[in-house]
Amino acid sequence: MRIVALIAFIAIVCAGAVLRLADLGDRPFHGDEANQAAKAVILYDTGRYEYDPHEHHGPTLYYGVLPLLWLSGAETGNDASEIPYRRLPALFGIGLIVLLLPLRRTLGDAAVLAAALFTALSPAMSFYARYFIQESLFVCFAFAAILATAAYFRRPAIAYALLTGALFGLLHATKETSVVLGACMVFSFGLSVLLDAKTRATLSTRIRALPPTHIAAALGAGSVVILLLFSAFFTHARGPLDAFLTYQSYFTRAEGTGSTALHEQPWYYYLELLAYTYREAGPRWSEAPVLAFGALGIAVALVRPAKEAPVFSRFLAFYALTTLAAFSLIPYKTPWNLLPFYQPLIVMAGLGAGRLLSSPRVALRVGTALLLLLSAGGLGRQAWQANFVYAADTRNPYVYAHTSTAMRRLVQRVDHITAI
C-alpha cells in the first residue's frame with residue numbers, strides 16, 4: 001500500500017475507533033447486555049462458567065472481557081461500570097476495519113479504503129460495536145476465518161491451517177448461528193468455483209494434494225478451542241455436548257414460535273432498516289449509499305471479478321448474498337443480526353467504489369470521489385447521532401427495546417432512600 005493510502009487508512013481506523021470507544025458509559029445497559037454481563041460477573045468473581053444451551057450464546061464474550069475487567073481495577077464484576085464490558089466488542093469492531101488491510105493485493109487500495117470508510121462510519125456497524133453482545137466478535141471471527149482460509153490456499157502452511165481451525169472454533173464458541181455462516185461459506189465457495197473453469201479443473205487435484213497433517217492440524221485446533229471454552233477449561237464436562245444439543249432450542253427460536261414470535265419480522269426487515277427509516281420525529285436515517293455501492297460491487301465481482309483472485313471476489317459476493325438471504329428468511333429477527341451479512345456487503349461496496357475510482361474516465365473518478373465524500377459525511381453524521389445523541393432513543397432505528405436512561409435516576413433515588 002502506498003504511503004498516502006496507508007496514511008488515509010490509519011486516519012479511517014482512528015475515526016472508527018473514536019465512534020466505538022468514546023463515552024461508552026453514556027447509556028445504561030440494554031437488557032441483553034445486562035444478561036451477558038451477569039454471566040461475565042459470575043465468571044470474574046468465582047471462576048465458574050457453565051454453558052447454557054437455551055440462552056446467552058457462547059463463552060468467548062465472557063472469557064474475552066476478563067482481562068479488561070482486571071485492568072479496570074474492579075474487585076468484583078459488579079464494581080465495574082459499563083465501560084470495560086463494552087470495550088471488548090468495540091475493540092473487535094475496530095479489528096473489522098484493520099482486517100480489510102490484507103485485501104489490498106486482491107481488491108486494490110481504492111476498494112480497501114472505501115470499504116474501511118464505510119465500515120468505520122456505518123451507524124449500524126459502530127452502534128452495535130458499542131453493545132456488550134456477541135455480534136462484533138462473531139462477525140470479526142467469521143471474516144478472519146475467511147481471510148485465514150484464503151491465505152492457506154495461496155500458501156499452504158501448517159501455521160495457516162492451525163490459525164484457520166482456531167478461528168472457526170472461536171466462531172462456533174461465540175454464537176450458535178455459526179452453522180448458518182458455515183453453510184453460507186461452503187455454498188458460496190461451491191458457486192464461485194463453478195463459475196471459474198480454471199479453478200474447477202484443478203480443485204480436485206489441489207484437495208487431494210492437501211497434506212493430511214494440515215487437515216488434522218486445522219481440525220485439531222478447532223476442536224481444542226471448542227473443548228476448552230465450552231468445558232470451561234475442563235470444569236464443566238457437559239459443556240461440549242450441550243454446544244451441539246443446543247441447536248434443537250435455537251432451530252425452534254429461528255422459526256419464530258412461542259415467545260420468540262415477538263421478534264418475528266418480514267423478510268425485508270433488514271433491508272428496510274438500512275435503506276431508510278424515519279419515525280415521524282428526529283433525523284432521517286439511511287445507509288442507502290452502502291447498499292447501492294454494494295450492489296455494484298456484487299455485479300462487478302460476478303461479471304468482471306478481480307484478475308488477481310477471481311474466485312475470492314466471487315466468493316465474497318455470493319457470501320454477502322447468501323447470508324443476506326439466510327438471515328432475511330429466518331422469521332426471528334433483531335436488528336443486530338444484520339451485521340453478519342452487512343459486513344461482507346460493505347466489502348462489496350468497497351469493491352464497487354474501487355472499480356469506479358480506477359476507471360480511465362476522469363469525470364467518473366472525480367464524480368465517484370465526490371459521491372464517496374458526501375456519503376461519508378452523511379454516514380458520519382448519522383453515526384455520531386446514533387452513538388452520542390440518540391443512543392437510547394426510539395427515534396434511532398437501531399435502538400431496540402433499550403433501557404430508558406431514567407433508570408439511572410431511579411438507581412440514585414434508591415441509593416438516597418437506602419442511605420436514610
Side-chain angles (χ1 to χ4, degrees), residues 17-45 52 55-57 61-62 64-94 122-138 175 259 262-263 273 277 279 281-283 285 333-339 382-420:
V18 170
L19 287 172
R20 286 156 177 78
L21 290 171
D23 294 334
L24 283 174
D26 190 48
R27 54 184 165 79
F29 269 151
H30 182 282
D32 283 6
E33 290 183 282
N35 277 324
Q36 305 298 350
K39 296 282 284 187
V41 166
I42 294 172
L43 178 59
Y44 186 69
D45 292 354
D52 182 351
E55 197 56 80
H56 302 293
H57 303 304
L61 187 71
Y62 317 122
V65 81
L66 294 183
L68 297 176
L69 290 174
W70 180 77
L71 289 172
S72 73
E75 291 187 12
T76 70
N78 283 323
D79 291 335
S81 68
E82 297 94 343
I83 295 174
Y85 290 98
R86 286 173 173 155
R87 276 182 183 149
L88 178 67
L91 290 173
F92 275 88
I94 297 168
S122 163
M125 297 296 290
S126 60
F127 187 75
Y128 294 123
R130 299 165 61 86
Y131 261 48
F132 186 62
I133 55 176
Q134 282 81 4
E135 258 55 40
S136 283
L137 284 69
F138 187 57
K175 202 171 180 185
S259 62
L262 291 170
H263 304 286
L273 193 69
T277 305
R279 293 180 174 169
W285 308 82
K333 293 180 177 69
T334 51
W336 45 83
N337 281 326
L338 64 83
L339 265 61
Q382 291 178 71
W384 183 267
Q385 291 177 323
N387 293 311
F388 306 114
V389 182
Y390 299 92
D393 192 312
T394 55
R395 288 172 290 181
N396 178 348
Y398 303 115
V399 167
Y400 189 75
H402 197 93
T403 308
S404 169
T405 54
M407 177 60 71
R408 285 182 171 164
R409 296 198 298 273
L410 177 61
V411 172
Q412 291 172 356
R413 183 61 175 161
V414 170
D415 288 340
H416 294 159
I417 295 171
T418 304
I420 294 171

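This is a predicted model, so every value here is computed, not measured.
Note on residues 125-134: no pairs pass salt bridge (Lys or Arg N to Asp or Glu O under 4.0 Å), not counting sequence neighbours. Residue pairs meeting the salt bridge (Lys or Arg N to Asp or Glu O under 4.0 Å) criterion with at least one partner in residues 384-398, sequence neighbours excluded, are D393-R395. Residue pairs that meet the side-chain hydrogen bond (donor to acceptor under 3.5 Å, both in side chains) test with at least one member in residues 84-94, sequence neighbours left out, are E33-R86.
Partners of D26 by side chain to side chain donor-acceptor pair (under 3.5 Å), not counting sequence neighbours: none found. Not counting sequence neighbours, Y128 has no partner by the side chain to side chain donor-acceptor pair (under 3.5 Å) test. By the side chain to side chain contact (heavy atoms under 4.5 Å, CB included) test, P67 pairs with no residue at all, sequence neighbours left out. Here S81 pairs with I83, P84 under the side chain to side chain contact (heavy atoms under 4.5 Å, CB included) rule; sequence neighbours left out. Residues satisfying the side chain to side chain contact (heavy atoms under 4.5 Å, CB included) test with K39, not counting sequence neighbours, are Y49, D52, H56, Y62. Residues passing the side chain to side chain contact (heavy atoms under 4.5 Å, CB included) test with P397, sequence neighbours excluded: L273, T277, R279, W285. Annotation: ring-ring contact (aromatic ring centres under 6.0 Å, His included) contacts of F138 (sequence neighbours excluded): none. The ring-ring contact (aromatic ring centres under 6.0 Å, His included) test applied to Y400 returns H263, W336, not counting sequence neighbours.
By the 4.5 Å heavy-atom criterion applied to side chains, R27 and E82 are not counted as neighbours. Inter-residue side-chain proximity for V399 and F127 is flagged as met; some heavy-atom pair is nearer than 4.5 Å. Counting heavy atoms from C-beta on, the side chains of N35 and F29 never come closer than 4.5 Å.
Nearest heavy-atom pair across F132 and P89 is CA-CG, 4.0 Å. Between L21 and L24, the closest heavy-atom pair is O-CG, 3.4 Å. Shortest non-hydrogen contact noted between P28 and S404 is CG-O, 3.6 Å. Closest of all the heavy-atom pairs between P123 and A386 is CB-CB, 4.5 Å. Minimum interatomic distance between A124 and L339 (heavy atoms only, all atoms of both residues): O-CD1, 4.2 Å.
Judged by distance alone, with hydrogens and angles left aside, the side-chain atoms of N396 form no donor-acceptor pair with the main-chain N or O of A391 at under 3.5 Å. The backbone N or O of N78 lies less than 3.5 Å from no partner atom in the side chain of Y44, so there is not a single donor-acceptor pair. The backbone N or O of T76 sits nowhere less than 3.5 Å from a side-chain atom of D45 that would complete a donor-acceptor pair.
Residues Y131 and H402 bring their aromatic ring centres within 6.0 Å.
Using modelled atom types, one finds a donor on one side chain and an acceptor on the other under 3.5 Å when comparing S126 with N387.
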Problem set entry | Verdict with supporting geometry, L66 and L43, side chain to side chain contact (heavy atoms under 4.5 Å, CB included) | CA-CA 8 Å; L66 294 183; L43 178 59; 3.8 Å; yes

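For the atom pair NZ of K175 and NE2 of H57, the computed distance is 4.5 Å after rounding to the nearest 0.5 Å. Going from atom CG of L61 over to atom CD of E135 covers 10.0 Å, rounded to the nearest 0.5 Å. Taken from CG in L137 to CZ in F92, the straight-line distance is 4.0 Å, to the nearest 0.5 Å.
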Show the atom names and distances, to 0.1 Å, of all donor-acceptor pairs under 3.5 Å that link a side chain in residues 412-420 to residues at least two apart or in another chain.
residue	atom	partner	partner atom	Å
H416	ND1	Q412	O	3.4
T418	OG1	V414	O	2.7

